[in-house]
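Working notes for the structure below.
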Amino acid sequence: MLRLVSLHTAPRHESEYHLTPSRARAQAFLLPGKVVGISSACRPTHFPPWGQRGYLAPRELVPICCKDSSMASNQTVRTRFAPSPTGYLHIGGVRTALFNWLFAKSQGGRFILRIDDTDQERHVAESLDPILEGLRWLGLDWDEGPEVGGPHGPYFQSQRQELYQQAVQQLLERGAAYYDYATPEELAQERQQAQAQGRSWRYSRRWMAQDEEERRRFEAQGRRPVVRLKIPQEGSCEFEDLIRGRVEVPWASEQDHVIQRADGSVLYHLASVVDDYHMGITHVIRAQEHLSNTPRQIFIAQSLGYPVPQWAHLPYVAEPGSRNKLSKRKLKQYLNHPEFRKLYQGGVRIMEALGREVDPERFNPVMVHFYRAIGYLPEALLNYLLLLGWSLDDHTEEFSRQEMLKHFSLARVHKAPASFDPAKLAAFQHRYMQRLDLDRKVQLVVPYLQQAGLVPSPLGPQNPLWKRVRQVVQFAGDRIKVAGDILEFAYMFQGDEQFPYSEKDFHKRLVKPPEAVELLTQFAQLLEQLPPEKFQHQQLQQLMQEFVQQRGIKLGQIIHAVRVATTGQGVGFGMFETLEVLGKQSTLNRIRRALALAQTAREASAS
RNA sequence: GGCCCCGUCGUCUAGCCAGGUUAGGACACGGCCCUUUCAAGGCCGGAGCACGGGUUCAAAUCCCGUCGGGGUCACCA
């Protein structure tokens, strides 16, 4: 028995939900045995016994029994993510997967991965790997599906043809589907005619075969049949969406959709419904674009005598700064968005530092691969995605995996599309990165140095280079925002004669100021006298301060010159820490190299 | 165009059901401070209820309408 209490008379706490009636209703279905808070307008009363179902109408409680065809709600929750193998994992797809995963896991249920490959049989393995990799990287593990198997396999639609065939037969036998012999041209003509007359078009069933004899007659004309759904002509399809509430669609606005082609292959809607049934899916949580597909799927399910699952249609993820659906094909256009551009270019810089070619097909912030490639933390991406269309309250933003599982509910999914905000994603990443302890950061960063060929592979913590990496990471601090950012400090791992000088910075700090060479020479002499064990940032700082005071110059007159001389660039972390990491010998080597270069440059410009 | 869905700062959102808030938070943005560069940090700030009616003492919140945006209308998934 589920007890409903007034929210006004009881303080808010964990077991209560502050909800709209439609959402309360949804929750009541989803959380057997839990207390659900409802409006004081509803008198506290008892909910119908579990296994029956009830509705909570806006102002009163009206218990009614569910239709027999509905899914019994006391069984284990099973959700699924059903991507088609396209070769990449879209950021919106991941969010759908995340919500499915969270819902199943938070309800003690199971999360199933199914591959919807009814149409593309080619190269499935290659197109599938990036998807599996992406999900695994994010820790969205599936209880059943490719590679892990399960009792309801196979988990590829291309391998479940017999099941679909049986279903088509049944639909045919029950009069819920029919053989249709129209040619595409005839259909097009009908459609055009209707359009010309300004009518909305619905197939006339002109070539529907009424019986065997008619089939033979059509076939004698050389026609080949497809199987179409025999959608009701009147009335409407009503269903309850866990996010949107009640949805009503007139049957007249539906078509007699094709469910099987002449060659026997079946179409998505049929396959999807059949699989959801055989895989015991209790909750179909998917993108909003499927909302209008739902009536036909309900029709199929009911015609086959399947229980109808619960539906939840997630708002889609929109483009940065707009309400259009985020698309992987519009990369060029998104690059006009400053924040998106920044994110992308940061990624490109890292790829270039790695000496890797940027494949525009895969390297795109719309796909998860991008984030993995440049060293994002999966938990940061997940946290950001969670908040894209869902919130707990007016202030909580950070969720560990446990907290997500604890707090997630479909009832608090926002209805409107949420646009993807690269800046906010970056902010989450930075926050998560800052909190990582030093050794963990080092582990994340080392592979990037290895891939760039800057440190050997393998590289263990005993190796002195590991210590150097550790020092760099420590001193760089929050400047390393994604793991790949370590490559901004490549000069720390390159030879004294090899690391490159930025022409611009070199000129600005070493060639142009008339006193630069002289000061740098003098400072180098001072450094030379410093014993190697005193080559520490505190001592170095003191040394430079004395140097500056004695000569009555400004700090800026020497420090930038030293930085450019030893790192090749004008920006970096603390100057004295930089020298400490380089050590006495390297520091002097680099300054000498810079001095020589600067001399040459000045002589060249003088003559 | 038909059908369906949606509409609170630039963005993500809280608040809407049970009408009374200086409409709250976060990211981004601007200014100031700190500073050897770049980050980070500290302080301060600007910024929103799509519009129009109605109900009401009182409307982001309830009702009606308008407008706007999007999704979908395949022998794709």
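What you are looking at is a predicted structure, and each value in this text was computed from that prediction instead of being measured. Protein chains get the first letters and strands the later ones, always in sequence-line order, with residue 1 at the start of each.
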Under a 3.5 Å limit on both distances, the Watson-Crick or wobble mate of B:C49 is none
Please report the distance separating the C1' of B:U55 from the corresponding atom of B:U61, rounded so that it comes out in whole Å. 13 Å
_Can you see whether A:Y432 has A:R435 sitting over its ring - NZ or CZ less than 6.0 Å from the centre and within 45° of the normal?_
yes
*asked:* Would the base of B:A39 count as contacting A:K481 through its side chain, where contact means a donor and an acceptor less than 3.5 Å apart?
replied: no
When both distances are under 3.5 Å in a Watson-Crick or G-U wobble arrangement, the nucleotide paired with B:G41 is B:C33
For this session: Find out whether the Lys NZ or Arg CZ of A:R95 is both under 6.0 angstrom from the six-membered ring centre of A:F99 and within 45° of the ring's axis.
Result: yes
Check your understanding: Hey, does the Lys NZ or Arg CZ of A:R590 hover above the aromatic six-ring of A:F499, less than 6.0 Å from the centre and inside 45° of the axis?
Key -> yes
**Study point:** Sugar-phosphate, base or nothing in reach of A:H257, heavy atoms under 4.0 Å
**Key:** nothing
Please measure how far the C1' atom in B:C49 lies from the corresponding atom in B:U22, and state the result in whole Å. 15 Å
inquiry  = Using a heavy-atom cut-off of 4.0 Å across all strands, would you classify A:D393 as base, sugar-phosphate, or nothing?
reply    = sugar-phosphate
Using atom P in both nucleotides, what's the gap between B:A50 and B:G15 to the nearest angstrom? 16 Å
### Message
Salt bridge check, A:R160 against A:D275: does any charged N sit closer than 4.0 Å to a carboxylate O?
### Response
yes
Any strand, both distances under 3.5 Å, Watson-Crick or G-U wobble: B:C73 pairs with B:G1
message: For the C1' atoms, the ones on B:A60 and on B:A40, what distance do you get once it is rounded to whole angstrom?
response: 38 Å
Per atom distances to the A:S292 side chain, the nearest of B:U72, B:C38, B:A14 is B:U72
With a non-hydrogen cut-off below 4.0 angstrom, is A:V249 in contact with a base, only sugar-phosphate, or nothing? sugar-phosphate
Exercise for the section: Answer with base, sugar-phosphate or nothing: what part of the nucleic acid does A:E488 contact at a heavy-atom distance below 4.0 Å? Expected result: nothing
Among B:A40, B:U36, B:C38, the one nearest any side-chain atom of A:M575 is B:U36
Once you apply a heavy-atom cut-off of 4.0 Å, does A:R479 come out as touching a base, just sugar-phosphate, or nothing? base
Have a look at A:H430 and say if it touches a base, only the backbone sugar-phosphate, or nothing, with a 4.0 Å heavy-atom cut-off.
nothing
Checking B:A77, B:C38, B:A26 against the side chain of A:D116 (C-beta onward), the nearest is B:A77
- Message: So, under a plain 3.5 Å distance rule, would you say the side chain of A:R244 forms a donor-acceptor pair with the base of B:C5?
- Response: no
Per nearest nucleotide of RNA chain B, the residue lying toward the 5' end, A:S200 or A:R95, is A:S200
**Study point:** Pairwise C1' distance, B:G7 and B:C16 [rounded to whole Å]
**Key:** 13 Å
Please work out if A:G477 contacts a base, only the sugar-phosphate, or nothing of the nucleic acid, heavy-atom cut-off 4.0 Å. nothing
message = Against the six-membered ring of A:F428, is A:R431 placed for a cation-pi contact (under 6.0 Å from the centre, within 45° of the normal)?
response = yes
In Watson-Crick or G-U wobble terms, with both distances under 3.5 Å, the base opposite B:G68 is B:C6
Comparing A:D421 with A:R509, nearest RNA chain B nucleotide closer to 5' gives the residue A:D421
Regarding the side chain of A:S391, the nearest nucleotide among B:A26, B:U13, B:C38 is B:U13
Self-check item: Separation of the P atoms in B:G24 and B:G45, to the nearest angstrom
Solution: 12 Å
For the P atoms, the ones on B:A59 and on B:G19, what distance do you get once it is rounded to whole angstrom? 13 Å
For A:A182, answer base if it contacts any base atom (sugar-phosphate contacts may also be present), sugar-phosphate if it contacts only those atoms, and nothing otherwise; contact means non-hydrogen atoms under 4.0 Å. base
The ring pair (Phe, Tyr, Trp, His ring centres under 6.0 Å) partner of A:F218 among A:Y181, A:Y178, A:Y179 is A:Y181
Ranking B:A14, B:A26, B:C5 by distance to the side chain of A:R431, first place goes to B:A26
Point to revise | Flag if over 12 foreign heavy atoms under 6.0 Å of NZ, A:K330 | key: yes
Worksheet item: Taking the C1' atom of each, how far is B:G10 from B:G48, in whole Å?
Response: 10 Å
Is a salt bridge present between A:K508 and A:E503, judged by a nitrogen-to-oxygen distance below 4.0 Å? no
Check your understanding: B:U72 phosphate, OP1 or OP2: any side-chain N/O from A:K325 under 4.0 angstrom?
Key -> yes
Check: Which is true for A:G556 with a 4.0 Å heavy-atom rule: it touches a base, it touches only sugar-phosphate, or it touches nothing?
Finding: nothing
Item to check | Short side-chain N/O contact to B:C12 OP1/OP2 from A:S419, under 4.0 Å | outcome: yes
Checking N1-N3 plus N6-O4 or O6-N4 for Watson-Crick, or N1-O2 and O6-N3 for wobble, each under 3.5 Å, the partner of B:A26 is B:U11
Against the side chain of A:N324, the closest entry in B:G69, B:U13, B:A77 is B:G69
